[in-house]
> 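Got a structure for you, questions after.
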Amino acid sequence: METESEPYVRLASLRQLHQVMADMNTARSLADTLQTVAEGVVAALGYELACVNLVRPDGDLVVAAFAGNPAAEALITGRVGSRDSWERRLGMGEHWGDLVFIPHTEGWVLDDDDVPQWYTDGPAPRFEDEWHPADRLFAPMYAPGPQGNAACGELIGVLSVDRPRNGRRPGAWGREALQMYAFQAAIAISNARLRANMQRALVRLEREQQALRASEESFRQAFEYAPSGMAIAEMGGDQHGRILRTNDALCRLLGRPASAMRRYSFSDLVHPEDIGTLLRTSAEGGRAELRLGRRDGTYVWVSLRNSVVADAADGPRFLLTHVEDIEERKRRELQLAHRASHDSLTGLPNSAELRSRLSARLCQRATPQPAVAESHDAAYGHPAFDVVGPGFDFRQGVEPYDAYDHHVHTVAPDGDHDDGTKGLAVLFCDLDGFKSINDRFGHNAGDAVLIEVARRLSNGVRDGDTVARLGGDEFVILADGLGRADAQDLAVRLRNEIIQPIRAEGRAVRVGASFGIGWAHCGMTADEVLKSADERMYVEKRSRPKQHRRAG
């Protein structure tokens, strides 16, 4: 991941990092969680070696997991370093946010302390950001404090990494990724400890009937003082899912008093779009990520995990639900996904996102339908979905099952006259005179023009239409439900907006615009639709005298 530039992080890398974080939170034990944390650094963050140093009850740190080198793992796993030595390390070097980097020029003073370490030597760096074998990089892990703030929590361990695969010190993206990973690893380790404590409490409740009162008190404390939200709900019957008891952490998270929480079930609190996710979640060992409603009407992303509290005589009776606040992680994931699918200059959807949205509207049929087919949802009085339904694979030519074909086939107006047919118009826009602005006034002026054109195009279309930057000075607009006259009027309006003067680098400049109008219909690919609109744009551009292609 470190070899990729920040605005263009591949979705495959994001998925890999997301999968590693998910694995951390689904490990079956604390030992598995620690090993998954170490292996995740190697698998997803681009380092060859990783070590998890865990704080023991006496305050010293033990090497609890290692990944990347079996020989080094056998040498130092289980060895202990004193807390004083670790605090000395974390107070040295350069602080990159929560990370601590100790360059080889300073780290030699640590070679003889009692912290377990592997050591290799090498030549002096050839360039400024080259990684030296004796460089050290640490990511402290803190237990989540109030509202999930790690800065207020106590140190639970230190993640140390070595040997970046690209041979360079991590840049801004690499540092943020490692810091985010350490934050999530601390949550996973804390939750693994919590789950272990809860499981032990449940075993005692089941197997030690003679010590029931003591076990109930132990459970009560673990429940009430858990740093994450906890709830007990009914299981089975007409009242399945009704909340019986909540802890303070969950009440604070949702802004609701415990007395009010007892009036709800989780299905009452979940976001309407996530109700299906909640219903698909298995009661026993089920886990889901969804949004729960706060008292102020907003929603918060949570990870919801269910365990069964069994009664020895009557069988399973209650659900113990662990609710973890993942709002910050979801926000970061959305930001990263947005960077991968949007143009960094204008903020518009990029070429890949444009093709994805266009492809979602088109099915590859051997014989395109002559008219718009009514979806089965519309026939039953529900809104029709313009996406390919699960009962039909148009790429393989498999005939649809009527009960599952939710696709509304996209058609185009027939001929060059307006026959009243409404279709998906694809407007290909190429700026006229843009190159001369770059040549005369520089790329900063050119960038300012592109940003302003993107703004004017976005303001000139309807909500729900798509304005995308295809690349360079080319833009594409997807506008559904237009006839030929509507599309031509839209092109004229957008051209008139674009030709107005634009302030760039302290001067007023002008560009023109040539529009080509293509039409999408099922049976075409996204590239075929874009090529058709592109060709029509060039016909339109050549049909106008050069002096009329832009104003000023």
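All heavy atoms count here, side chains included; hydrogens, waters and symmetry mates do not.
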> If we ignore hydrogens and angles and just use 3.5 Å, is the side chain of E106 paired with the main-chain N or O of I102 as donor and acceptor?
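Flag not set: sc E106 to bb I102 has no pair under 3.5 Å.
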
> Search all heavy atoms of P103 against all heavy atoms of R169 and return the closest pair with its distance.
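For P103 and R169, the tightest heavy-atom pair comes out as CB-NH2, 4.1 Å.
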
> Do D274 and L292 have side chains that approach each other closer than 4.5 Å (heavy atoms only, starting at C-beta)?
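A side-chain contact under 4.5 Å is absent here.
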
> Please name the pair of heavy atoms, one in G68 and one in L49, separated by the smallest distance, quoted to 0.1 Å.
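It is C-CD2, 3.6 Å.
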
> Taking N350 for its side chain and A340 for its backbone only, find out whether a donor-acceptor pair lies under 3.5 Å.
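The answer is yes, because a donor-acceptor pair under 3.5 Å joins these two groups.
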
> Can you name the closest pair of heavy atoms from G81 and W86 and give their distance?
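So the two residues come closest at O-CD1, 4.0 Å.
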
> Any side-chain heavy atom of V115 within less than 4.5 Å of one from R89?
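Of all side-chain heavy-atom pairs linking R89 with V115, at least one is under 4.5 Å.
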
> Working to the nearest 0.5 Å, report the span between CD1 of I326 and OG of S303.
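OG of S303 is found 5.5 Å from CD1 of I326.
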
> Just by modelled atom types, is the P170 backbone N or O under 3.5 Å from a matching donor or acceptor in the R175 side chain?
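Looks like yes, one N/O pair under 3.5 Å.
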
> Distance alone, cut at 3.5 Å: any donor-acceptor contact between the side chains of E94 and W96?
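Yes, side-chain donor-acceptor contact under 3.5 Å.
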
> So do the side chains of L304 and R287 get within less than 4.5 Å of each other, counting heavy atoms only?
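L304 vs R287: side chains apart.
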
> Atom CZ of residue position R331 - does it have more than 12 heavy atoms of other residues, nucleotides or ligands inside 6.0 Å?
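Counting other residues, nucleotides and ligands, CZ of R331 exceeds 12 neighbours.
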
> Could you state the interatomic distance from CG (D268) to CD1 (I243), rounded to the nearest 0.5 Å?
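Output value for this atom pair is 8.0 Å.
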
> So, for P140 and L99, which heavy atoms are closest and what is the spacing to 0.1 Å?
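Answer, listing the atom of P140 first, then L99: CD-CA, 4.4 Å.
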
> Under the criterion side-chain contact (heavy atoms from CB on, under 4.5 Å), I'd like the reasoning laid out for N191 against T33: C-alpha separation, chi angles, the key distance, then a yes or no.
CA-CA 10 Å; N191 288 341; T33 299; over 6 Å; no

> Is the backbone N or O of V302 less than 3.5 Å from a side-chain atom of D325, with the two atoms forming a donor-acceptor pair by type?
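Checking the backbone N and O of V302 against the side chain of D325, no donor-acceptor pair under 3.5 Å is found.
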
> Rounded to the nearest 0.5 Å, how far does OH of Y47 lie from CZ of R163?
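The distance works out to 14.5 Å.
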
> Nearest 0.5 angstrom please: D114 CG to D84 CG, how far?
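Going from the CG atom of D114 to the CG atom of D84 covers 8.5 Å.
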
> So P116 and V80, do their side chains get closer than 4.5 Å, heavy atoms only?
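They are not in contact (no side-chain heavy atoms under 4.5 Å apart), so the answer is no.
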
> Can you see whether D113 engages S85 through a side-chain donor-acceptor pair at a distance of less than 3.5 angstrom?
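No - no donor-acceptor pair under 3.5 Å links their side chains.
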
> Tell me if a side-chain donor or acceptor on Y181 pairs with a main-chain N or O of V37 at a distance below 3.5 Å.
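Checking the backbone N and O of V37 against the side chain of Y181, a donor-acceptor pair under 3.5 Å is found.
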
> Just by distance, with hydrogens left out, do R357 and T466 show a side-chain donor and acceptor under 3.5 Å apart?
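On atom types as modelled, these side chains qualify, holding a pair under 3.5 Å.
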
> In plain terms, say whether E176 and R332 are close enough for a salt bridge, that is, a side-chain N and a carboxylate O under 4.0 Å apart.
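A salt bridge is present here (some side-chain N lies under 4.0 Å from a carboxylate O).
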
> Within 45° of the ring axis of W131 and under 6.0 Å from its six-membered ring centre, is that where the NZ or CZ of R168 lies?
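R168 over W131 ring: no.
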
> Can you measure from CG (N53) to CG (L159) and round to the nearest 0.5 angstrom?
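CG of L159 is found 8.5 Å from CG of N53.
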
> L54 and L61: side-chain contact (heavy atoms from CB on, under 4.5 Å), yes or no, with the steps?
CA-CA 5 Å; L54 192 65; L61 280 74; over 6 Å; no

> Can you check whether A352's main-chain N or O pairs, donor with acceptor, with S356's side chain at less than 3.5 Å?
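Absent.
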
> Would T525 and L362 count as a side-chain contact (heavy atoms from CB on, under 4.5 Å) if you check the C-alpha gap in whole Å, the side-chain angles of each, and the deciding distance to 0.1 Å?
CA-CA 7 Å; T525 66; L362 304 174; over 6 Å; no

> Do the side chains of D248 and R256 get close enough for a salt bridge, i.e. N-O under 4.0 angstrom?
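Here D248 does not pair with R256 in a salt bridge, since their nearest N and O are not under 4.0 Å apart.
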
> When you measure from the side chain of R245 to the backbone of M230, do you find a donor-acceptor pair of N or O atoms at a distance under 3.5 Å?
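Here the side-chain-to-backbone pair does not exist.
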
> Quick one: side chain to side chain donor-acceptor pair (under 3.5 Å) pairs with a partner in residues 57-69, sequence neighbours left out?
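Every side chain to side chain donor-acceptor pair (under 3.5 Å) pair that includes a residue of residues 57-69, provided the two are not neighbours, is R56-D58.
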
> To the nearest 0.5 Å, how far apart are CD1 in I187 and CZ in R329?
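Here the interatomic distance stands at 8.5 Å.
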
> Say whether, by atom type as modelled, one donor and one acceptor occur between the side chain of D135 and the main chain of H132 under 3.5 angstrom.
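Yes, because the side chain of D135 sits within donor-acceptor range (under 3.5 Å) of the backbone of H132.
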
> Using a 4.5 Å cut-off on heavy atoms from C-beta on, say whether the side chain of L319 contacts that of I232.
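They are not in contact (no side-chain heavy atoms under 4.5 Å apart), so the answer is no.
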
> Of all the heavy-atom pairs spanning M141 and A182, show the shortest one and how long it is.
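Looking at all heavy atoms of both residues, the closest pair is CG-O, 3.7 Å.
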
> Is there a side-chain contact between R195 and N197, using heavy atoms and a 4.5 Å cut-off?
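No - every pair of side-chain heavy atoms lies 4.5 Å or more apart.
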
> Counting distance only, does the side-chain N/O of T77 pair as donor-acceptor with the main-chain N or O of E73 below 3.5 Å?
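Present.
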
> Would you say that V42 contacts E39 through its side chain, given a criterion of any heavy-atom pair below 4.5 Å between the two side chains?
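Of all side-chain heavy-atom pairs linking E39 with V42, none is under 4.5 Å.
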
> Quick one: do R291 and E289 make a salt bridge, cutoff under 4.0 Å?
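The answer is no: the pair does not qualify as a salt bridge.
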
> Is any side-chain heavy atom of F66 closer than 4.5 Å to one of I76?
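Counting from C-beta outward, I76 and F66 do come under 4.5 Å.
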
> Taking all heavy atoms of Q179 and all of G97, pick out the closest pair and write down the distance.
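Nearest heavy atoms, Q179 then G97: OE1-CA, 3.7 Å.
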
> Do NZ/NE/NH1/NH2 and the carboxylate oxygens of D527 and R355 come within less than 4.0 Å?
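Salt bridge present between D527 and R355.
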
> For L110, does its backbone N or O pair with a side-chain atom of Q117 as donor and acceptor, under 3.5 Å?
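Indeed, once roles are kept as given, a pair shorter than 3.5 Å links the two residues.
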
> Evaluate the side-chain contact (heavy atoms from CB on, under 4.5 Å) criterion for residues L348 and F475: first the C-alpha distance (whole Å), next the side-chain angles of each, then the deciding distance (0.1 Å), finally the verdict.
CA-CA 10 Å; L348 296 177; F475 299 83; 3.9 Å; yes

> Does CD belonging to Q335 count more than 12 external heavy atoms closer than 6.0 Å?
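Yes, enclosed.
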
